[in-house]
Q: 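What follows is a single structure, and I will ask about it in a moment.
Chain letters run A, B, ... following the sequence lines, proteins first, then strands; residues in each count from 1.
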Protein chains: 2
Amino acid sequence: MKPREDIQNIYQTALAVFSEYGFQKTTMEDVAGRLGMTKGNLYLYVKNKKDLYHKTVAHALEAWQSRVLEAVAAQTDVKEKFRIMCFKAVEYLAQDNLLRNLLVRDPEIFPMFSDKDPFADINRNSIALIRSIVVQGIAEGVFRPVDPDRISDVVFMIYKMFIIRMYIRAEDNALHDMFEDTVDLCTRGLFTQ
Amino acid sequence: MKPREDIQNIYQTALAVFSEYGFQKTTMEDVAGRLGMTKGNLYLYVKNKKDLYHKTVAHALEAWQSRVLEAVAAQTDVKEKFRIMCFKAVEYLAQDNLLRNLLVRDPEIFPMFSDKDPFADINRNSIALIRSIVVQGIAEGVFRPVDPDRISDVVFMIYKMFIIRMYIRAEDNALHDMFEDTVDLCTRGLFTQ
DNA sequence: AAACAATTAAACAAAATGTTCATTTATTTA
DNA sequence: TAAATAAATGAACATTTTGTTTAATTGTTT
């Protein structure tokens with residue numbers, strides 16, 4: 001029998017279409033056509049259109065997150081882990097035209113204020129990563145003994161704010177500089193020590 | 001009474017929407033919304049959706065053509081008129097993201113092979129411009145005594161081929177160089193004189 | 001040849017869209 | 001200030017599109 005279509009390929013292809021046209025203007029036929037199958041067949045892989053969209057976005061967010069995780073894991077110094085985590089997240093998004101364009105079209109993917117976070121599970125992983133670095137830093141005595149849970153939420157909130165402000169224009173250097181200032185402020189504090 | 005909506009603004013706004021989504025995925029509601037009116041009202045300005053699209057594209061092509069015409073009119077030397085006509089046409093299209101993107105989405109606007117040219121009237125103006133330069137050049141003795149009608153068609157055909165090949169990637173420098181070579185070949189010939 | 005897996009393409013209900021037009025709102029005129 | 005005129009709204013409607021389902025077909029394995 002024909003090999004079953006690779007679900008990763010489906011998500012990646014769907015991402016390209018949703019990125020270009022957005023959720024509403026993209027049809028199941030658009031995605032199926034891009035995949036070289038009929039729209040009826042697409043329902044063997046996903047439950048419905050919303051399911052396809054949610055899984056597509058989740059897949060892209062997870063891929064982005066995995067790359068950051070790998071970059072962090074390659075560091076041994078915990079301070080550098082923190083810095084790398086911050087900067088790589090922004091850098092990798094800047095490089096991902098499809099995901100970035102999708103975020104532009106659908107800011108609800110990454111809500112700043114709404115309690116409804118459609119990708120809460122994935123974002124919890126990001127917060128968990130922040131938390132693990134903070135815990136390690138405190139254990140090694142190179143971070144101040146702060147409450148890891150609270151600080152993780154704070155860092156993630158600030159990070160989200162920057163992502164939301166930056167993804168409209170990935171090339172805004174002024175904001176990029178401000179991001180560096182913010183990371184510097186968070187890591188070194190304002191007062192001399 | 002309220003001032004009637006400026007038809008130029010309608011075409012410019014419609015161009016932005018058609019450029020982003022293409023003819024099929026753009027709805028009358030999209031355009032009307034972008035204009036701050038209801039879709040019902042849009043029918044006071046255009047006959048139907050196809051009419052809106054055709055007039056929108058025509059308007060953009062004419063604007064592009066007018067810019068070239070002005071650039072040519074600013075020259076006095078007929079050889080320079082010819083060169084400026086060639087290069088400015090390409091340059092102005094490269095600068096017009098909306099029109100270029102629309103051409104990418106709808107190559108039928110500028111058919112290479114089809115006898116059906118939906119904008120034949122506008123293209124005839126371009127050919128007429130070429131012809132008037134060739135006639136002037138011959139009259140001044142700086143162009144060889146060629147058949148102006150035939151050569152105008154040839155030049156326009158070559159020009160169209162380059163536009164079609166270049167508008168997919170406005171930044172393709174290799175093709176741009178080839179275009180310069182082609183203009184050079186057309187104007188100076190291959191043989192030493 | 002039979003069984004199983006993958007896919008197609010038609011069918012269908014629902015939604016969306018292009019278009020029309022009665023009504024409303026805004027502006028001008030007498 | 002009322003009437004006339006112009007511009008626009010928004011609901012209605014016919015048509016088209018789309019999301020979804022599924023019987024039939026095609027391809028592969030046993």
Q: Are a donor atom and an acceptor atom from the side chains of Gln136(A) and Glu140(A) found within less than 3.5 Å of each other?
A: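 Note: Gln136(A) and Glu140(A) side chains meet the donor-acceptor criterion.
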
Q: Assess whether ring-ring contact (aromatic ring centres under 6.0 Å, His included) is satisfied between Phe110(A) and Phe119(A), documenting all intermediate values.
A: CA-CA 8 Å; Phe110(A) 225 38; Phe119(A) 300 96; 8.9 Å; no

Q: Give the residues of residues 11-22 of chain B touching DNA chain C, defined as any heavy atom closer than 4.0 Å, sorted by residue number.
A: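 Result for residues 11-22 of chain B: none.
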
Q: Taking only Lys NZ, Arg NE, NH1 and NH2, and the carboxylate oxygens of Asp or Glu, determine whether Arg34(A) and Asp30(A) approach each other closer than 4.0 Å.
A: no

Q: Can a salt bridge be assigned to the pair Asp153(A) and Arg150(A) using a cut-off of 4.0 Å between side-chain N and carboxylate O?
A: no

Q: What string of B, S and - do you get for nucleotides 9-22 of chain C, 5' to 3', when a contact is any protein heavy atom under 4.0 Å?
A: B-------SBBBB-

Q: To the nearest 0.5 Å, what is the distance between CD (Glu20(B)) and CG (Leu102(B))?
A: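 So the gap between those two atoms works out to 12.0 Å.
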
Q: Just how far is it from atom CD1 of Ile109(B) to atom CG of Leu103(B), taken to the nearest 0.5 Å?
A: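 Between atom CD1 of Ile109(B) and atom CG of Leu103(B) there are 5.0 Å.
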
Q: Taking all non-hydrogen atoms of both residues, which atom of Ile127(A) and which atom of Ser152(A) are closest, and how far apart?
A: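 Minimum heavy-atom separation between Ile127(A) and Ser152(A): CG2-CB, 3.7 Å.
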
Q: Using atom CG of Asp30(A) as one end and atom P of dT17(D) as the other, report the distance to the nearest whole Å.
A: 13 Å

Q: Measuring centre to centre across the rings, with the benzene-like ring taken for any Trp, is Phe162(A) within less than 6.0 Å of Tyr159(A)?
A: no

Q: So does Tyr45(B) get a side-chain nitrogen or oxygen closer than 4.0 Å to the phosphate oxygens (OP1/OP2) of dA8(D)?
A: yes

